[in-house]
Structure formats: C-alpha cells, structure tokens
Undergrad: 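I'd like to ask some things about the structure below.
First listed ligand is number 1; within each ligand, the first listed atom is number 1. Remember, predicted model here, so these are calculated numbers, not experimental data.
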Amino acid sequence: MSRVAIVTGGTRGIGEAISLALRDMGFQVAANYAGNTERAKAFTDKTGIPSYSWDVGDHQACLDGCAQVASDLGPVDVVVNNAGITRDGVLAKMSFEDWNEVMRINLGGCFNMAKATFMGMRERGWGRIVNIGSINGQAGQYGQVNYAAAKSGIHGFTKALAQEGAKYGVTVNAIAPGYIDTDMVAAVPAAVLEKIVARIPVGRLGHAEEIARGVAFLCSEDAGFVTGSTLSINGGQHMY
Ligand code: CAA
C-alpha cells in the first residue's frame, strides 16, 4: 500500500502543484480545501485526486477530516500545511478580525493538522510534515503584520516540532516561497507587484511547480536526515 499524504489548500495554486507532485511520486493524495467547491470538483475530475472540505483553522474539523481520510485511504504519513490566506493592510487600517483570521488559519492550521496526525506518524515510526512558510515571514513585508507574524510563527513551529519528531523518524521542515504566480500574488496591486518583481534577482515570479519540487524532495526517503530546515525558493529575493 502506498503512503497517504494530505495537502491542505491542495486543489489550487501552489497546493495543486504539490498534490500532483506527491501523486506522481506514488503517494495516495487527499487534497483538502476550504470553500471553493467548484474549483475542487474540477480538480478532482481532472486529476482523480479526492478532495475533502474542511476549515484548517477549526481544530475539531481537522481531527474529523483527517480521521475521514485515514478511514478512506489509510493512516496519514505525510502532511503538507499549505493552506493560507492574506488580509493585507497597514496596521493603522488592519482590523482585529483580519489579524485573527490570518493567525487562525495560517498558523493555527499547522497546529491543528499536526495534532490530528503527528502522534500516529510517531507510533508508526515514519512521517513527513512540510509547512509552507513565506519569504515575508523571514523578511517582513509592508502591510502584512498578520501574515508575516503567522508565517514567521510557522518557521518556529517547524523547528520545535522537528525536535519532537526526530527520534521517531518524523521529519518536519518548511519551505519559504517567494512571490509565485498564483491567485494570491495576482491580488497584489499591479504597481506594487511591479516594484517587488524588480527586486527579484532571477527577474520573474516563481512557478507553483518550483515549490512542489522542493516539497517532493522533503517528503522523499532521501530526505530522512533533513529536519527542522527551511528551504527558501524565492529567486534570490531574500538570502537567508
Ligand atoms: N515600503 C515602504 N513604503 C511603502 C511600501 C513599502 N514596501 N509599500 C507602500 N508604501 C507606501 C506607499 O508609497 C504610500 O506612501 P505615500 O502615502 O507616502 O504615497 C503608502 O505606503 C501607502 O501605500 P498604498 O497606497 O499601497 O496603501 P494602501 O493602504 O492602499 O495599501 C497595502 C497598502 C494593502 C499594504 C498595499 O500596499 C499592498 O497590497 N502591498 C502588497 C503587500 C504584499 O506584498 N502582499 C503579499 C501578498 S502575496 C503573499 O503574501 C505570498 C507570499 O508568501 C509571498
């Protein structure tokens, strides 16, 4: 039986590319999504990868969703915490709700998914958790105190949980993508994005598949000695 992998936010954007890359490696993939049922259905119809709807910011929903995947496909050995949202705005204009929602989903989602799966991985002596952080969690970004804090938190979460998983064969790593050509980045005002791209030494936005290849490596047998690390894939925009 092939191992089971859950990719949160796995039906579009970077998550879609990750789902496909893990499927191509031989994993049985379950793609989680939050609310875009139409897009998820199109993804499942096109790829044959089952999609499951739950809110990663909801603790009980994660426990129930992961239990459902385990009952359908088998024990979960790989989790890619990719689901994330932006609610950009300068602090002066940012509401508490915009702060809280980004923390709840982007950072809380990692905790919720780990609580649902990490102990099982530990018992079975093998596991891979890959958390999608961000260049903006490493370097900060004007107008993103919520997102930068959540993503920076993901990097700390990764290093802490890696220490707990290491002796059980469970690795925990992060990827810090730069600006990738997804819907999320397309939502950045054009004039602002132009200035950001001008600061990327490689001279372009990244592609989702370029992040997925990094995730695939971290989920492979070959990466058993890699844990607590952050792989920056950002076109040289931030060298850290
Ligand atoms: N550094 C310094 N000053 C800046 C700045 C920056 N990076 N960006 C904007 N400013 C300044 C502007 O020049 C402007 O100054 P003046 O008032 O003196 O002219 C002032 O800040 C206000 O700028 P805006 O008109 O842009 O303000 P706004 O309130 O309309 O919008 C914003 C603010 C929502 C933050 C908008 O600038 C924005 O969307 N910025 C992009 C944020 C960003 O990069 N988000 C990333 C999303 S993708 C992602 O997060 C994925 C990932 O992991 C990489």
Undergrad: Can you name the atoms of ligand 1, numbered from 1 with element, that are less than 4.0 Å from a heavy atom of V188?
TA: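 Reading through ligand 1 atom by atom, the close ones are 41 (C), 45 (N), 46 (C), 47 (C).
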Undergrad: Considering non-hydrogen atoms of the protein only, which is the closest contact for atom 39 (O) of ligand 1, and what is the distance?
TA: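 Going by distance alone, atom 39 (O) of ligand 1 is nearest to P189 CD, 3.3 Å.
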Undergrad: Considering only non-hydrogen protein atoms, determine which one is nearest to atom 40 (N) of ligand 1 and report residue, atom name and distance to 0.1 Å.
TA: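 Nearest neighbour among protein heavy atoms for atom 40 (N) of ligand 1, to 0.1 Å: V192 CG1, 3.7 Å.
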Undergrad: When rounded to the nearest 0.5 angstrom, what is the spacing between CH2 in W99 and CG in L91?
TA: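 Rounded to the nearest 0.5 Å, the CH2-CG separation comes out at 9.0 Å.
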Undergrad: Which residue and atom name correspond to the protein heavy atom nearest atom 32 (C) of ligand 1, and how close is it?
TA: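 Among all protein heavy atoms, the one nearest atom 32 (C) of ligand 1 is G89 CA, 4.8 Å.
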Undergrad: Any idea which protein heavy atom is nearest atom 50 (O) of ligand 1, and the distance to it?
TA: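 Closest protein heavy atom to atom 50 (O) of ligand 1: Q144 NE2, 3.0 Å.
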Undergrad: Taking all heavy atoms of N32 and all of V56, pick out the closest pair and write down the distance.
TA: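 So the minimum-distance heavy-atom pair works out to OD1-CG1, 3.7 Å.
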Undergrad: Under 3.5 Å, is there a donor-acceptor pair between the side chain of N173 and the main chain of V226?
TA: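 Yes, N173 side chain to V226 backbone: donor-acceptor pair under 3.5 Å.
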Undergrad: What are the atoms of ligand 1, with element, lying closer than 4.0 Å to any heavy atom of I196?
TA: 44 (O)
Undergrad: Between the side chain of T86 and the main-chain N/O of D88, is any donor-acceptor distance below 3.5 Å?
TA: no
Undergrad: Using a 4.0 Å cutoff against the non-hydrogen atoms of G143, which atoms of ligand 1 qualify?
TA: 35 (C)
Undergrad: Given Y179, Y142, Y147, which one has a non-hydrogen atom that is nearest to atom 52 (C) of ligand 1?
TA: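 The nearest heavy atom belongs to Y147.
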Undergrad: With a 4.0 Å cut-off on heavy atoms, does K151 reach ligand 1?
TA: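 For ligand 1, residue contact (heavy atoms, under 4.0 Å) with K151 is absent.
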Undergrad: Do N136 and Y179 have a side chain donor and acceptor closer than 3.5 Å?
TA: yes
Undergrad: How close does the nearest protein non-hydrogen atom get to atom 30 (O) of ligand 1, and which residue and atom is it?
TA: K93 NZ, 4.3 Å
Undergrad: Looking at non-hydrogen atoms alone, which of I85, D88, I180 comes nearest to atom 45 (N) of ligand 1?
TA: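 Checking each option, the heavy atom nearest atom 45 (N) of ligand 1 is found in D88.
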Undergrad: Any sub-3.5 Å donor-acceptor pair from S19's side-chain atoms to G10's backbone N or O?
TA: yes
Undergrad: Could you tell me the separation between the CD atom of E101 and the OG atom of S95, rounded to the nearest 0.5 Å?
TA: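 Here the interatomic distance stands at 9.5 Å.
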Undergrad: What protein heavy atom is closest to atom 48 (S) of ligand 1, reported as residue, atom name and distance in Å?
TA: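 For atom 48 (S) of ligand 1, the nearest protein heavy atom comes out as V185 CG2, 3.8 Å.
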Undergrad: Looking at F27, does the NZ or CZ of R3 lie under 6.0 angstrom from its six-membered ring centre and within 45 degrees of the ring axis?
TA: no
Undergrad: Does the residue G178 have a heavy-atom contact with ligand 1, meaning some pair of atoms that are separated by less than 4.0 Å?
TA: yes
